[in-house]
Amino acid sequence: MLRPPTSSAKFSHTSQFHHRRRTLLVSAVPTSNSASRLRDPARIGGVSKSIVPVHDYGGAASLSAYMHLPPSHYSALDPDLIESLGGNKFRLRVPRLKLFSLWVEPTVDISVSSASSTDPRVLLTSESCHIVGSELIQKMQLDQRFILKFSTELTWKAAALSTKSTHPTVITTNKLSESQINANLELEVLTEVIPPFQLLPRSVLEGTCNAVLRSLMKTLLPKFLHKLANDYTKWATDADYRLGRTLAEEAGVTKM
């Protein structure tokens with residue numbers, strides 16, 4: 001029996017992952033990822049982990065079946081954040097980051113390789129990374145003076161089947177209930193320090209930037225998982241929605 005979708009998902013943060021999991025690995029690097037081209041770069045970044053519980057409907061509408069859908073379906077989660085470029089290519093738009101009186105908006109173009117029966121992973125790898133920003137950022141050509149690396153690992157764990165014995169020779173098996181999607185994000189940025197920020201102590205500058213990035217990650221990661229969980233619930237319980245996704249994928253077009 002299908003359980004009605006919940007109106008919201010509860011999130012928790014954890015560093016533990018469970019056995020019998022499947023993996024979605026996301027990584028991004030700019031076109032040139034050699035730190036040797038940068039002059040005395042500042043190092044900033046951080047990690048963020050999050051978990052969202054989700055009701056697993058099992059069978060053909062199981063969480064595992066959903067997570068093995070072709071990569072094109074991820075653009076349906078948040079059109080403002082993820083833009084489909086056709087096929088297995090996407091553009092990720094990071095919300096505007098503000099630091100003192102300046103702002104930057106990174107975009108990362110990625111390609112996606114699908115999971116296989118022998119390797120149940122989806123790997124997203126950047127093909128280019130670009131930054132636009134305020135006047136000083138553009139003038140100092142920060143776009144050519146940084147390296148960005150990030151990896152996001154999504155794992156999903158099906159709920160264990162529980163059994164109840166009402167008779168010594170009879171075992172009743174309950175259906176799947178609560179499963180979970182886990183996310184583990186790591187981000188590192190190497191960037192040359194442009195004027196006038198070279199006047200600040202390096203520890204102060206890096207500490208301020210780290211705080212901004214940590215706040216961003218703690219906002220975006222749960223938001224992404226929330227959208228993923230809600231989309232799975234809709235996909236599992238709405239036959240028309242599921243059929244529409246299938247037809248779009250077969251046509252090579254994602255219209256959500």
Side-chain angles (χ1 to χ4, degrees), residues 2-28 46-82 84 88 90 92 94 110 112-117 119-125 150-162 174-187 214 216-238 241-242 245 249 254 256:
L2 298 182
R3 186 179 300 178
T6 56
S7 58
S8 61
K10 296 180 180 179
F11 297 93
S12 63
H13 294 274
T14 183
S15 60
Q16 298 180 351
F17 292 96
H18 302 274
H19 64 286
R20 293 184 302 177
R21 67 185 184 181
R22 295 295 182 265
T23 302
L24 167 66
L25 181 64
V26 185
S27 63
V47 298
S48 184
K49 301 179 182 181
S50 189
I51 294 177
V52 56
V54 59
H55 178 72
D56 194 331
Y57 293 90
S62 69
L63 177 62
S64 180
Y66 172 80
M67 297 300 285
H68 278 84
L69 290 176
S72 57
H73 86 282
Y74 288 102
S75 62
L77 300 178
D78 191 342
D80 293 331
L81 183 65
I82 307 173
S84 175
N88 68 332
F90 300 87
L92 305 182
V94 180
I110 63 173
V112 183
S113 57
S114 301
S116 67
S117 58
D119 184 12
R121 301 188 307 162
V122 178
L123 182 65
L124 293 81
T125 305
F150 76 86
S151 63
T152 300
E153 184 185 58
L154 297 184
T155 62
W156 55 99
K157 175 182 176 292
L161 287 171
S162 61
N174 294 336
K175 291 185 176 181
L176 293 172
S177 55
E178 291 302 308
S179 295
Q180 64 186 35
I181 306 174
N182 311 275
N184 183 0
L185 183 151
E186 297 182 3
L187 172 67
R214 282 195 298 268
L216 177 69
M217 290 187 292
K218 288 182 178 180
T219 299
L220 289 183
L221 194 59
K223 178 182 178 181
F224 176 76
L225 285 187
H226 181 81
K227 290 180 178 294
L228 194 64
N230 285 346
D231 188 68
Y232 164 65
T233 297
K234 184 176 182 179
W235 177 86
T237 59
D238 188 332
Y241 181 70
R242 190 162 59 248
R245 291 277 284 269
E249 288 157 4
T254 303
M256 304 296 171

Exercise for the section: Kindly indicate whether the side chain of Leu92, heavy atoms from C-beta on, has any atom under 4.5 Å from the side chain of Leu81. Expected result: no
Exercise for the section: Supply the atom-to-atom distance Ser62 OG to His68 NE2, rounded to the nearest 0.5 angstrom. Expected result: 9.0 Å
Exercise for the section: Specify the closest pair of heavy atoms between Ala236 and Tyr57, including all atoms of both residues, with the distance to one decimal. Expected result: CB-CD1, 3.5 Å
Fill in the blank from the handout: Rounded to the nearest 0.5 angstrom, the CD1-OH distance for Ile181 and Tyr66 is 7.0 Å
Completion exercise
Of all heavy-atom pairs linking Phe90 and Ser84, the shortest is CD2-CA, 3.9 Å
Completion exercise
Between Lys157 and Ser179, the two heavy atoms sitting closest are O-CB, 3.1 Å
Problem - Any residue meeting side chain to side chain contact (heavy atoms under 4.5 Å, CB included) with Leu185, in chain and number order, not counting sequence neighbours - result: Thr152, Leu187, Met217, Leu221
Exercise for the section: Calculate, to the nearest 0.5 Å, the distance between atoms CG and NZ belonging to Asn182 and Lys49 respectively. Expected result: 10.5 Å
Handout entry: Pairwise side-chain contact, Leu63 with Val54, heavy-atom cut-off 4.5 Å (strictly under)
Key = yes
Exercise for the section: Before giving the answer on side chain to side chain donor-acceptor pair (under 3.5 Å), spell out for Tyr241 and Asp231 the whole-Å C-alpha distance, their side-chain angles and the decisive distance to 0.1 Å. Expected result: CA-CA 10 Å; Tyr241 181 70; Asp231 188 68; 2.4 Å; yes
Fill in the blank from the handout: Closest non-hydrogen atoms of Gly58 and Asp56, given as atom of the first, atom of the second and distance, are N-OD1, 2.9 Å
Exercise for the section: Give, for atom OH of Tyr232 and atom CG of Leu69, the distance between the pair rounded to the nearest 0.5 Å. Expected result: 10.5 Å
Handout entry: From OG1 (Thr233) to CG (Asp238), nearest 0.5 Å
Key = 11.5 Å
